[in-house]
Amino acid sequence: MADLFDQLNDDNRQRQLIAEGAVCLPGFALEYVPTILEALGPIVEQAPFRHLVTPGGHTMSVAMTNCGSLGWVSDRRGYRYQERDPLSDNAWPAMPEIFLTLAQKAASEAGYQRFKPQACLINQYLPGSKMSLHQDKDENNKAAPIVSISLGVSATFLFGGLRRDDPCQKLILQHGDVVVWGGASRFCFHGVQTLKDSEHSLLGRRRLNITFRQIY
DNA sequence: GAGTCGCG
DNA sequence: AACC
């Protein structure tokens, strides 16, 4: 009975406007999931997930890697995008065609037709992982949106305003959901609440978040 | 002094 | 609260 209710609920989830310029597209990535997971294998083999350190000296609970021509990194010196993986000094793995296609399709669906993603940040959340409220401010191109794909275990996404103390909306992001934000909401604070310990049939106890950004 | 993709 |  609960399963039936959940299923109906899922089917009824609709495109949701979060704020001006920000939208959630439930299940938008579902049809691409097998291809995405296949493409992720060689990426994490070449550039394994690692826990980055913030400029303040704290280790992030989320494990990260990148693909694409630029990757986001953090260390004691600050946040930045760079062409090479600091672990290997190699270029980041290429962005798979399907990633580019999906990111552009989602951006277009949200009203951003000129999105040219250069950076793809892949975040792995295990139970207990979280992402504190922050703004994405390291991109040179301030007009391009952010495209975020959720896979695996559901998480509560916090979407606030332009000031840290603005109230946050809570969105439950499920496997296959895509969130796009840009325009007036491009610099909204956002974060992810501590991942609870639960199991997803395809990905186990993990949540993967794949985000796309245009840097220049 | 200002800000914080972190912690208490 | 420490570090930039």
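Every chain is numbered from 1, with letters handed out A, B, ... down the list of sequences.
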Integer-rounded Å distance: dA2(C) C1' and His58(A) NE2: 7 Å
Whole angstrom value for the distance that separates P of dA2(B) from NE2 of His134(A): 24 Å
Side chain of Lys130(A) (C-beta onward), nearest among dC7(B), dC4(C), dG6(B): dC7(B)
Gap in Å between the two P atoms, one belonging to dG6(B) and one to dA2(B), rounded: 23 Å
Atom CD of Glu38(A): over 12 foreign heavy atoms under 6.0 Å: no
Sugar-phosphate only, base, or nothing, as touched by Asn123(A) at under 4.0 Å among non-hydrogen atoms: nothing
Atom pair CZ (Phe212(A)) and CZ (Phe115(A)), whose distance is rounded to the nearest 0.5 Å: 8.0 Å
Cation-pi geometry met for Lys116(A) and Tyr216(A) (6.0 Å, 45°): no
Separation of dG3(B) P from Phe189(A) CZ (nearest whole Å): 10 Å
Options dG6(B), dT4(B), dC4(C), nucleotide nearest the side-chain atoms of Arg76(A): dC4(C)
Nearest-Å distance for atom pair CZ/P, residues Arg163(A) and dG3(B): 13 Å
Glu139(A) side chain to Tyr81(A) side chain, donor-acceptor N/O pair below 3.5 angstrom: yes
Interatomic distance, Leu162(A) CG vs dG3(B) C1' [rounded to whole Å]: 16 Å
Rounded distance (Å) that lies between atom P of dG6(B) and atom NE2 of His190(A): 11 Å
Counterpart base for dC7(B), defined by Watson-Crick or G-U wobble contacts under 3.5 Å: none
Donor-acceptor contact below 3.5 Å, side chain Asp177(A) vs main chain Ser150(A): no
Whole-Å gap separating P (dC7(B)) and NE2 (His51(A)): 12 Å
Atom pair distance, as rounded to whole Å: CG in Leu133(A) and P in dG6(B): 10 Å
Touch class at under 4.0 angstrom, heavy-atom based, for Ser74(A) against every strand present: nothing
